[in-house]
Amino acid sequence: MLAVVFQVRGLDSRQPVLNVLLWQRAREPERGKWSLPGGRLRDDEDLISSVRRQLAEKVDVQQLTHLEQLAVFSAPDRVPGPRTIASTFLGLVPSPATPELPPDTRWHPVNDLPPMAFDHAPMVEHARTRLVAKMSYTNIGFALAPTEFVLSSLRDVYSATLGYQVDTTNLQRVLERRNVITRTGTTARSGRSGGRPAALYRFTESRYRVTDEFAALRPPG
């Protein structure tokens, strides 16, 4: 089992970035390169249970808001030694979460990956492509966003994940029309500059669903 775990980090900064969780190999083969977290399936567990256990035990990631199976990588020479088939999973962690990672584990920007072991870089790209597609036609953004948020923060989550700047007004219109987000009836605290407090929103559901199977969010222009 191997897990591609994403989180949008830096929501309180000017440049939020989609990150992936990696750990650095301490042994050969590929010593010093970075790998996806995971391990072997036990005889007494199913795939989902195995992935959740390994993320909790090995890298202390327990707050997963979404987990789904992605693909099987089965090239005969994908790793040295006995043939090993890898089942990959997409995992999402909400932005406020701060797992206490072991020293050999770090978040890395998906656009600036370190030297990767084996075929793990293509696995990250495959997972990112799947996530980008799902941002258009499902409500999967709930798994990356805070529980409550202002629209500018939600825009940053979508922009970081999609890889291009999203217009706040258009995003609001699309998500409200699909009943994906809802006003909480409260407002955020005013910033140092004062001004009118921004309305707080939440996702209507915190369960994955398809909202418009033919929809596609596209870059401006």
(message) When you compare the side chains of T138 and T211, does any donor N or O come within less than 3.5 Å of an acceptor on the partner?
(response) no
(request) Could you tell me the separation between the CG atom of L92 and the CD1 atom of I140, rounded to the nearest 0.5 Å? (result) 5.0 Å
(request) Output the distance between atom OH (Y201) and atom OG1 (T184), rounded to the nearest 0.5 Å. (result) 9.0 Å
(message) Is it the case that the side chain of S95 and the backbone of A145 share a donor-acceptor pair, with hydrogens and angles ignored and the cut-off at 3.5 Å?
(response) no
(message) Ignoring hydrogens and geometry beyond distance, is a side-chain donor-acceptor pair present between N170 and R155 at under 3.5 Å?
(response) no
(request) Would you kindly say whether S50 and Q54 are connected by a side-chain donor-acceptor distance under 3.5 Å? (result) yes
(message) Which residue is it: L21, V110, V93? I am looking for the one with a side-chain contact (heavy atoms from CB on, under 4.5 Å) to F6.
(response) V110
(message) Just verifying a value: how many Å separate T204 OG1 and E176 CD, rounded to the nearest 0.5 Å?
(response) 9.0 Å
(request) Would you give the length of the straight line joining atom NE2 of H126 to atom CG of D119, rounded to the nearest 0.5 angstrom? (result) 12.0 Å
(message) Atom CZ of residue position R202 - does it have more than 12 heavy atoms of other residues, nucleotides or ligands inside 6.0 Å?
(response) yes
(request) Grab the two heavy atoms, one from A160 and one from L18, that are nearest each other, plus how far apart they are. (result) O-CB, 3.6 Å
(message) If you count heavy atoms of other groups shown closer than 6.0 angstrom to CZ of R83, is the number above 12?
(response) yes
(message) Is it the case that the side chains of Q69 and S87 hold a donor-acceptor pair, with the cut-off being a distance below 3.5 Å and no angle test?
(response) yes
(message) Just by distance, no angles: are the side chains of D46 and S49 close enough, under 3.5 Å, to form a donor-acceptor pair?
(response) yes
(message) Let me confirm one number: the CH2-CG distance from W107 to L101, rounded to the nearest 0.5 Å.
(response) 7.0 Å
(message) Ignoring hydrogens and geometry beyond distance, is a side-chain donor-acceptor pair present between Y208 and E68 at under 3.5 Å?
(response) no
(message) Pair F118, F73 - check ring pair (Phe, Tyr, Trp, His ring centres under 6.0 Å), show working.
(response) CA-CA 11 Å; F118 313 123; F73 286 73; over 10 Å; no
(message) Closer than 3.5 angstrom, by distance alone: can the side chain of W34 be matched with the main-chain N or O of A117 as a donor-acceptor pair?
(response) no
(message) Strictly distance-based, threshold 3.5 Å: is any side-chain N or O of Q7 a donor or acceptor partner for the main-chain N or O of R9?
(response) no
(message) Testing the basics here: between Q63 and A97, what is the closest heavy-atom pair and its distance to 0.1 Å?
(response) OE1-CB, 3.4 Å
(message) Main chain of V157, side chain of T161: is a donor-acceptor contact present, judged purely on distance under 3.5 Å?
(response) yes
(request) Kindly compute the distance separating CZ (R25) from NE2 (H120), expressed to the nearest 0.5 Å. (result) 7.5 Å
